[in-house]
A.B. asks: 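Dropping a structure here in structure tokens format, bear with me for questions.
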2 protein chains.
Amino acid sequence: MKTETRKEEIIRVAAKLFKQKGYSAVTMRDIAKAMGIKAASLYNHINSKQDILNEIIISLAEAFTQEMKQIQSSGVNSIDKLKKIIELHVNISSQNIYGMASLNNDWMHLKDKLQYYLKLRNTYEDDFKTILIDGITKNEIINIKPEVMMFSILTTLRSLYIWIPKKEQLNLEALTDDLINVLINGIAKE
Amino acid sequence: MKTETRKEEIIRVAAKLFKQKGYSAVTMRDIAKAMGIKAASLYNHINSKQDILNEIIISLAEAFTQEMKQIQSSGVNSIDKLKKIIELHVNISSQNIYGMASLNNDWMHLKDKLQYYLKLRNTYEDDFKTILIDGITKNEIINIKPEVMMFSILTTLRSLYIWIPKKEQLNLEALTDDLINVLINGIAKE
DNA sequence: TTATAAAACTAACAAGTGTTAGTTTTTTTT
DNA sequence: AAAAAAAACTAACACTTGTTAGTTTTATAA
């Protein structure tokens, strides 16, 4: 376990504050105070406030994209691919609760990286939809508009960062199992 | 259809901007410019930027609370209550897309009204959970942790404001039906 | 038409913003 | 112990923020 650099520490502390109040409402002085230093000192480690946001969001977006490509080429059936996607979101979200908040709420404050982020997101959603359409074709998934299914599942998964901290004793495996049940099998007794 | 007051117009325009950039990133000068007046002129109609946010969020939160009480006392079974909740969210969200964005993303910037808002939200979630527990008891709903079920359904419903605008031809009834299917019956073919 | 109310305006404020320059302190390397 | 590098500091900048005071214009009522 390699030790955290000062820059990584700044990004981690900033992400925590961004989750609480959003990127725009957090000042460089807030971040500095949370680290016990003065705002100007931050600039020995980072280039700008904007760069902090870039690093938080882009690294996460790239992680999702990369894993989706793995799932895509895994060769399992569509339901199992969806299960892998659920696991992916639980894993990343539980490891980076604060970053996920920025990814969800502050992506629109990206500037240089905005187009790149949108490209990654669109690719991810297209891949997701392709899995659903494939499942419908192969009769593994009910024939409902794939957009609505994707919206429902993806929205739930993207909001995990809100709910995971609330679960006192965080059993990730149990959470994953429950989510698979709820999202794929529904909640009604047949 | 009674005509909109200037104050209502400010709140409507502000909500639209809040959806795009978040409360903190929108300035009074932004709002004024979108209305074709100067920032100082806004204060002939509203007391503060804070008050704009208060009105947007609290009116929506109260609408949800009120309707939930209706559903609670409607006497139908738990699955039908869930269907009514889905309809409720589709209706309010489609009628106030911009306000729903503030409700979801900017509630933490409430000040005086923050405690009141949290009380309304907690009550709503408690009522929701009670319906689920009741459904489990009566064997209408599968026996999974009600928190996970509520999280999944409620998160999807709360995010409708993101997706509704994307649906080119907005058939609300069809959307409601699809959501009922996906959220209650799941997506897998049995 | 004249008086009244409503709604816009200009100008400015005090406080807060991200960031830079230059300097001092602390830590690491030789 | 001396030199070099890293990381903190103070002070300030140019700009933006929400808001107020006072005034002028526009619309309504008498």
Side-chain angles (χ1 to χ4, degrees), chain A residues 2-58 98 101-102 105-114, chain B residues 2-58 98 101-102 105-114:
Chain A
K2 78 173 201 299
T3 57
E4 188 181 48
T5 68
R6 201 78 168 126
K7 178 176 177 178
E8 287 164 347
E9 193 185 351
I10 291 172
I11 290 171
R12 179 173 54 79
V13 169
K16 187 169 185 175
L17 295 175
F18 292 168
K19 185 193 176 219
Q20 289 167 29
K21 307 199 294 176
Y23 173 75
S24 302
V26 174
T27 71
M28 295 303 281
R29 286 162 181 83
D30 289 336
I31 299 170
K33 188 168 236 173
M35 298 197 61
I37 61 176
K38 292 295 161 70
S41 306
L42 295 169
Y43 289 84
N44 286 315
H45 310 279
I46 52 100
N47 292 317
S48 63
K49 187 187 178 191
Q50 184 69 59
D51 266 14
I52 298 176
L53 188 68
N54 291 347
E55 297 224 23
I56 293 170
I57 293 182
I58 297 299
Y98 304 128
S102 296
N105 303 321
D106 287 320
W107 59 266
M108 73 286 283
H109 297 117
L110 293 171
K111 294 189 164 165
D112 296 2
K113 303 283 186 191
L114 179 58
Chain B
K2 79 173 198 303
T3 57
E4 187 180 47
T5 67
R6 201 78 168 126
K7 178 177 177 178
E8 287 164 347
E9 191 184 351
I10 291 172
I11 291 171
R12 178 173 55 79
V13 169
K16 187 169 185 174
L17 295 175
F18 292 168
K19 184 190 176 222
Q20 290 167 28
K21 306 199 293 176
Y23 173 74
S24 302
V26 173
T27 70
M28 295 302 280
R29 286 164 180 82
D30 289 337
I31 299 169
K33 188 168 237 173
M35 298 197 62
I37 61 176
K38 292 295 160 71
S41 306
L42 294 169
Y43 289 83
N44 284 317
H45 309 279
I46 51 102
N47 292 318
S48 63
K49 189 187 177 192
Q50 185 68 60
D51 267 14
I52 298 176
L53 188 68
N54 290 348
E55 297 225 22
I56 292 171
I57 292 182
I58 297 299
Y98 304 128
S102 296
N105 303 321
D106 287 319
W107 59 267
M108 72 286 282
H109 297 117
L110 293 172
K111 295 188 164 168
D112 296 0
K113 303 284 185 190
L114 178 58

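Residue numbering restarts at 1 for every chain, and letters A, B, ... go by the order of the sequence lines.
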A.B. asks: Report the distance from atom OH of B:Tyr43 to atom P of C:dA7, rounded to the nearest whole Å.
C.D. replies: 17 Å

A.B. asks: Can you tell me the distance, in whole Å, between the NE2 atom of A:His45 and the P atom of C:dT20?
C.D. replies: 15 Å

A.B. asks: Whole angstroms only, please: what is the CD1-C1' distance between A:Ile31 and C:dT17?
C.D. replies: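 Taking atom C1' of C:dT17 as the reference, CD1 of A:Ile31 is at 12 Å.
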
A.B. asks: In whole angstrom, what separates B:Leu42's CG from C:dT10's P?
C.D. replies: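 So the two atoms are 14 Å apart, to the nearest Å.
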
A.B. asks: Can any side-chain N or O of A:Lys21 pair as donor or acceptor with the backbone N or O of B:Met108 at less than 3.5 Å?
C.D. replies: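 Judged by distance alone, no pair lies under 3.5 Å.
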
A.B. asks: D:dT10 P sits how many Å from A:Asn44 CG, rounded?
C.D. replies: 14 Å

A.B. asks: Please report the interatomic distance CD(B:Gln20) to CG(B:Asp30), rounded to the nearest 0.5 Å.
C.D. replies: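 Going from the CD atom of B:Gln20 to the CG atom of B:Asp30 covers 9.5 Å.
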
A.B. asks: Within the 4.0 Å heavy-atom criterion, would you say B:Arg29 contacts the bases, only the backbone, or no part of the nucleic acid?
C.D. replies: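 Answer is base: heavy atoms of B:Arg29 come under 4.0 Å of a base.
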
A.B. asks: Within this structure, what is the CZ-to-C1' distance between A:Arg6 and C:dT28, rounded to whole angstrom?
C.D. replies: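 Value for this atom pair: 16 Å.
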
A.B. asks: Applying the side chain to side chain donor-acceptor pair (under 3.5 Å) criterion to A:Glu55, which one of A:Lys7, A:Gln50, A:Lys113 satisfies it?
C.D. replies: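 Among A:Lys7, A:Gln50, A:Lys113, the one that satisfies the side chain to side chain donor-acceptor pair (under 3.5 Å) with A:Glu55 is A:Lys7.
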
A.B. asks: Are B:Ser41 and B:Asn44 linked by a side-chain donor-acceptor pair shorter than 3.5 Å?
C.D. replies: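 Looking only at side-chain atoms, B:Asn44 and B:Ser41 do not form any donor-acceptor pair under 3.5 Å.
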
A.B. asks: Taking atom P of C:dA15 as reference, at what distance in whole Å does atom CE of A:Met28 sit?
C.D. replies: 23 Å

A.B. asks: Using purine N1 to pyrimidine N3 plus N6-O4 or O6-N4 for Watson-Crick, or N1-O2 and O6-N3 for G-U wobble, each under 3.5 Å, what pairs with C:dT30?
C.D. replies: D:dA1

A.B. asks: Is B:Ser41 close enough to C:dC9 that one of its side-chain N or O atoms is under 4.0 Å from OP1 or OP2 there?
C.D. replies: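 Yes, because at least one side-chain N or O of B:Ser41 sits under 4.0 Å from OP1 or OP2 of C:dC9.
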
A.B. asks: Please determine whether a side-chain nitrogen or oxygen atom of A:Lys38 lies at a distance below 4.0 Å from atom OP1 or OP2 of D:dC9.
C.D. replies: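 Result: no.
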
A.B. asks: Write down the distance between CD1 (A:Ile46) and P (D:dA8), rounded to a whole number of angstrom.
C.D. replies: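 These atoms are roughly 12 Å apart.
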
